[in-house]
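What follows is a short report on a single structure.
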Number of protein chains: 4
Amino acid sequence: MKKKKAANPRRRPIQRRSRQTVDAIVEAAARVLARHGYAAATTNRIAERAGVSIGSLYEYFPNKDSILAALLERHTEQGGAEVLAALEAEIARGAELPALLRALVLALLRQHRRSPELHRVLFEEMPHPPGADACVLRSEDAIAHRLQAALEADSACRAADPDLAAHLVVQTAEALAHRFVLHGIHGLPEARFADELARLLLRYLGGDRSAEAPARR
Amino acid sequence: MKKKKAANPRRRPIQRRSRQTVDAIVEAAARVLARHGYAAATTNRIAERAGVSIGSLYEYFPNKDSILAALLERHTEQGGAEVLAALEAEIARGAELPALLRALVLALLRQHRRSPELHRVLFEEMPHPPGADACVLRSEDAIAHRLQAALEADSACRAADPDLAAHLVVQTAEALAHRFVLHGIHGLPEARFADELARLLLRYLGGDRSAEAPARR
Amino acid sequence: MKKKKAANPRRRPIQRRSRQTVDAIVEAAARVLARHGYAAATTNRIAERAGVSIGSLYEYFPNKDSILAALLERHTEQGGAEVLAALEAEIARGAELPALLRALVLALLRQHRRSPELHRVLFEEMPHPPGADACVLRSEDAIAHRLQAALEADSACRAADPDLAAHLVVQTAEALAHRFVLHGIHGLPEARFADELARLLLRYLGGDRSAEAPARR
Amino acid sequence: MKKKKAANPRRRPIQRRSRQTVDAIVEAAARVLARHGYAAATTNRIAERAGVSIGSLYEYFPNKDSILAALLERHTEQGGAEVLAALEAEIARGAELPALLRALVLALLRQHRRSPELHRVLFEEMPHPPGADACVLRSEDAIAHRLQAALEADSACRAADPDLAAHLVVQTAEALAHRFVLHGIHGLPEARFADELARLLLRYLGGDRSAEAPARR
DNA sequence: AATGAATGAGAGTTCATTCAT
DNA sequence: AATGAATGAACTCTCATTCAT
């Protein structure tokens with residue numbers, strides 16, 4: 001019988017050696033998943049690719065799931081940080097809502113484009129045990145939180161509930177970017193898709209001048 | 001690695017008896033997945049729950065994956081058909097864009113609510129081998145296609161490319177409904193979420209009078 | 001139908017430990033086959049008799065067939081080596097054709113007598129997948145090759161084509177010894193059978209003085 | 001647990017219908033074995049090829065082994081009868097020992113050549129449960145018996161024990177013909193092989209004039 | 001007599017995990 | 001700390017055989 005232990009690394013990787021080993025394992029898992037798919041990602045194969053014995057692997061991770069969880073977390077956090085940074089940069093340069101949303105959309109597309117195979121395996125092929133998606137939610141929350149602040153500061157935004165609006169925006173952008181990168185929409189070029197998605201978000205938030213133009217007549 | 005055989009039932013379930021057995025197996029798979037999760041869904045357990053011998057199970061399905069694929073397909077097609085029907089009904093009664101989008105959102109939420117555990121396992125816990133998601137795309141395409149026609153017939157719609165707009169709307173509604181049912185957004189009640197999502201879609205498509213009202217003053 | 005993997009041990013048994021394990025498995029297979037027949041030779045039973053876990057068994061052999069193939073090869077090579085040695089010994093002591101052929105026949109009988117049950121299962125009960133018999137052919141070729149050299153050096157031999165003659169002699173001796181050990185000929189004692197078989201071979205090769213005697217009269 | 005029943009047909013096929021069905025099944029088994037090998041010869045496949053339901057198959061044969069045993073018996077008896085007939089014909093025309101032995105060798109080669117694939121599967125790939133070879137022994141005995149009578153009547157034969165000699169001759173001829181058809185000897189043409197094998201047998205039995213020729217000088 | 005859907009014991013094999021070295 | 005041979009529970013799937021129709 002298998003005991004399901006908490007999916008946390010066994011030891012805090014404080015020392016450099018440990019940190020390197022943990023990284024090597026997670027990195028190896030990423031490579032194996034991306035190149036050969038979930039079914040081929042056995043612990044022995046991951047250890048081999050990491051240049052580490054299977055025994056050492058289990059020194060750093062209590063079980064297989066914890067490795068995949070760590071990878072998912074790393075992947076999500078890296079991606080989230082990039083998007084957050086892109087957002088921050090745009091805000092810093094005093095961008096208005098339209099530019100902000102475009103930046104969000106482009107950053108998400110870029111992130112998904114980075115290693116689409118890994119992304120696909122991670123989010124479509126790989127089983128997500130209950131709770132595995134917490135880090136995804138956390139990452140989105142962080143982005144939504146930053147966006148909310150921006151919305152509150154932007155007079156063009158007509159959202160009654162900026163928190164809710166920010167969440168909807170982030171989730172929509174994330175979900176649609178994900179789908180577009182993996183499956184496309186007919187033959188639509190990415191640039192046009194980005195435009196359209198940004199337009200959708202902008203209209204929702206109300207900074208859409210062109211939409212109001214007819215009414216001004 | 002094992003040769004993946006075509007994921008088609010061995011025997012065309014033309015006769016009533018066969019059809020019943022196939023249904024029983026798929027239904028059993030659904031119950032096992034929903035109640036015990038992906039890891040517990042062994043072929044022997046599914047057969048047992050279906051009240052069928054393991055040999056019979058393999059009389060109707062060439063391998064395990066084909067059972068899960070059939071379940072995914074059934075689930076997706078049923079859901080898609082319901083949403084399509086809801087849309088159709090709304091259109092038939094001459095509903096305008098706002099009511100149409102509300103109906104779409106509510107139908108999707110209803111569908112995801114029906115058996116959220118099965119839904120979660122099917123879409124988050126269960127590995128989706130490459131190609132398994134084709135039926136999901138097909139279902140969304142069908143809904144998008146119907147919606148597109150409605151958009152083209154609706155003078156309030158300002159979408160330049162109704163095909164693209166319809167796809168974005170359906171994908172957004174589907175993705176957010178999915179996420180909301182599984183993870184929620186803070187403690188937001190479903191009714192309010194539905195309102196907000198419908199509002200988002202409506203503003204995108206341009207049938208949003210209230211948004212333009214202030215500008216008229 | 002299943003993909004047949006190469007019937008080679010996974011791990012080259014270079015280290016002493018590995019070599020021992022491989023031997024233990026092959027030896028266990030021999031015991032199980034001899035004692036309980038082909039039908040009882042399951043991988044689990046072989047592993048158990050070898051005092052090895054089923055997992056370890058598959059560490060050293062890629063599949064069941066490869067174990068049986070290894071056993072067949074070991075059996076054939078051992079037997080062939082013995083016969084070859086007997087032949088060599090006889091040649092070394094300067095034996096003439098009659099003694100040589102007797103030695104060949106006796107060595108083959110001895111070899112088949114050693115574990116007749118294993119021999120029977122290996123060559124009659126066990127399915128031989130195409131190609132499995134290559135090692136048998138190789139072994140016979142080696143013996144025939146040695147015999148050929150002896151024939152060419154023996155002035156009593158009247159064989160026009162020593163290569164062909166050597167092959168016929170070896171195949172005849174092998175086949176008849178095999179049959180005699182497994183099924184006997186009426187109640188014929190082995191000693192008389194050996195005499196007669198040796199006589200048959202001798203007459204073929206022409207070293208048979210007694211046969212020519214009457215004609216001289 | 002499987003009960004091993006006696007490998008005899010359940011019912012005496014007296015009626016024409018039954019006889020036809022039995023034949024169809026055995027014939028189907030032959031085709032499946034020859035074309036697809038032992039591993040593919042499942043009872044269901046045999047029944048299908050025979051144009052008979054699996055239920056009917058078990059009406060006529062108590063188990064799978066009995067079908068294969070029946071096929072082996074049919075094959076062996078047919079072959080034996082042909083060889084016997086060839087021998088008889090040669091004797092009837094008053095042939096001498098050399099011609100008789102040539103006829104025996106050629107008949108055996110012809111028989112093995114008829115469906116070498118079936119022959120190979122039947123005698124090398126297929127497991128022969130203990131006792132399955134009784135019919136082969138019987139068939140050879142019959143041929144040996146006829147040959148013995150011929151030897152006793154032939155003044156050229158110098159065999160001291162004609163019964164034993166006949167058995168050795170038949171077994172040698174059979175075994176070597178078998179081996180030659182299945183594996184060949186280097187690139188040797190069949191005609192030369194037949195010559196050499198006949199010469200071997202002839203020298204054994206002593207009707208070899210050419211061998212004695214040198215002595216006459 | 002004939003059918004063929006149903007059966008289920010048991011086969012081969014995998015792979016996450018352990019632990020003696 | 002590190003190793004990797006060893007483990008064995010548990011999996012998917014096959015196929016000879018049965019029996020209700």
Side-chain angles (χ1 to χ4, degrees), chain A residues 1-5 11 15 17-18 21 39-48 52-67, chain B residues 1-2 5 11 15 17-18 21 39-48 51-65 67, chain C residues 1-2 5 11 15 17-18 21 39-48 51-65 67, chain D residues 1-5 11 15 17-18 21 39-48 52-67:
Chain A
M1 223 151 303
K2 283 166 199 170
K3 306 159 209 162
K4 285 267 168 176
K5 299 172 187 172
R11 63 181 67 214
Q15 297 144 334
R17 174 71 167 287
S18 302
T21 305
T42 67
T43 49
N44 279 287
R45 173 109 80 144
I46 291 171
E48 190 191 9
V52 150
S53 73
I54 182 66
S56 290
L57 184 149
Y58 275 89
E59 201 62 37
Y60 291 103
F61 292 91
N63 53 45
K64 184 186 180 180
D65 278 358
S66 67
I67 300 170
Chain B
M1 223 146 305
K2 284 168 197 169
K5 298 172 192 168
R11 168 189 310 259
Q15 295 147 339
R17 176 74 164 285
S18 301
T21 304
T42 68
T43 49
N44 278 293
R45 206 202 282 240
I46 291 171
E48 191 189 8
V52 150
S53 75
I54 182 64
S56 289
L57 184 149
Y58 277 92
E59 197 65 35
Y60 292 103
F61 293 90
N63 53 48
K64 184 186 179 180
D65 278 359
I67 301 171
Chain C
M1 224 145 302
K2 283 167 195 166
K5 296 171 193 168
R11 163 189 314 258
Q15 294 147 341
R17 176 73 164 287
S18 301
T21 305
T42 69
T43 50
N44 278 289
R45 206 203 283 240
I46 291 171
E48 192 190 7
V52 150
S53 74
I54 181 64
S56 289
L57 184 151
Y58 276 93
E59 197 64 34
Y60 292 102
F61 292 92
N63 53 46
K64 183 187 179 180
D65 278 0
I67 301 171
Chain D
M1 219 149 305
K2 283 166 199 171
K3 305 161 211 161
K4 286 266 170 177
K5 297 172 188 172
R11 67 180 66 215
Q15 298 144 336
R17 173 70 166 289
S18 301
T21 305
T42 67
T43 49
N44 278 287
R45 174 114 72 150
I46 291 171
E48 192 190 7
V52 151
S53 74
I54 180 64
S56 288
L57 185 150
Y58 274 90
E59 199 63 37
Y60 291 103
F61 291 91
N63 53 46
K64 185 186 180 180
D65 278 358
S66 65
I67 301 170

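For clarity, every value in this text was computed on a predicted model and none was experimentally measured. Every heavy atom of this structure was used, including side-chain atoms; hydrogens, water molecules and symmetry mates were not.
- Nearest heavy-atom pair, B:A40 versus B:R45, reported as atom, atom and distance to 0.1 Å: O-NE, 3.2 Å.
- Comparing atom distances between the A:Y58 side chain and each of E:dA16, F:dT17, F:dT14 picks out E:dA16 as nearest.
- Residue B:L57 contributes atom CG, which lies 10 Å from atom P of F:dC13 at whole-angstrom precision.
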Paired and unpaired positions of DNA chain F as dot-bracket, Watson-Crick or G-U wobble under 3.5 Å, | denoting a partner strand: .||||||||||||||||||||

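- D:A41 and D:I46 get closest at one heavy-atom pair: O-CD1, 4.3 Å.
- Atom-to-atom, CD1 of A:I46 to P of F:dG4 comes out at 18 Å; the value is rounded to the nearest Å.
- Shown here for B:I67 and B:L57, the closest heavy-atom pair between the two residues is CD1-CD2, 3.4 Å.
- The residue among B:T42 and D:T42 whose nearest nucleotide of DNA chain F is located toward the 5' end is B:T42.
- For B:S53, the side-chain contact (heavy atoms from CB on, under 4.5 Å) partners are B:S56, not counting sequence neighbours.
- Toward the 5' end of DNA chain F, the nearer of the two residues B:K64 and C:G51, judged by each one's closest nucleotide, is C:G51.
- What separates CZ of D:F61 from C1' of E:dA2 is a distance of 16 Å, to the nearest Å.
- Between D:N63 atom CG and F:dT18 atom C1' there is a gap of 14 Å when expressed in whole angstrom units.
- When all heavy atoms of B:V52 and B:T21 are compared, the closest pair comes out as CG2-CG2, 4.0 Å.
- Map C:I54 and B:I54 each onto its nearest nucleotide of DNA chain E; the residue landing nearer the 5' end is B:I54.
- When rounded to the nearest whole Å, the span between CD of A:E48 and P of E:dA16 equals 13 Å.
- In this structure, A:E59 atom CD and F:dG4 atom P are separated by 14 Å, rounded to whole Å.
- Every residue two or more places apart in sequence or in another chain was checked for a side-chain contact (heavy atoms from CB on, under 4.5 Å) with B:A39, and none qualifies.
- With distances taken from any side-chain atom of D:Y60 to the nucleotides E:dT13, F:dC13, E:dA2, the minimum falls on E:dA2.
- Here the P atom of nucleotide E:dG12 and the CZ atom of C:R45 are 11 Å apart, to the nearest Å.
- If B:G55 and C:N44 are placed on DNA chain E by their nearest nucleotide, the residue sitting closer to the 5' end is B:G55.
- B:Y58 and B:N63 make their closest contact through CE2-CA, 3.8 Å (heavy atoms, listed as atom of the first residue, atom of the second, distance).
- Phosphate proximity of E:dT7 to B:S56: present, with a side-chain N or O under 4.0 Å from OP1 or OP2.
- The side chain of C:S53 sits closest to F:dA6 out of F:dC11, F:dA6, E:dT3.
- Listed nucleotides E:dG12, F:dC13, F:dA16 differ in distance to C:T43; the shortest reach to its side chain belongs to E:dG12.
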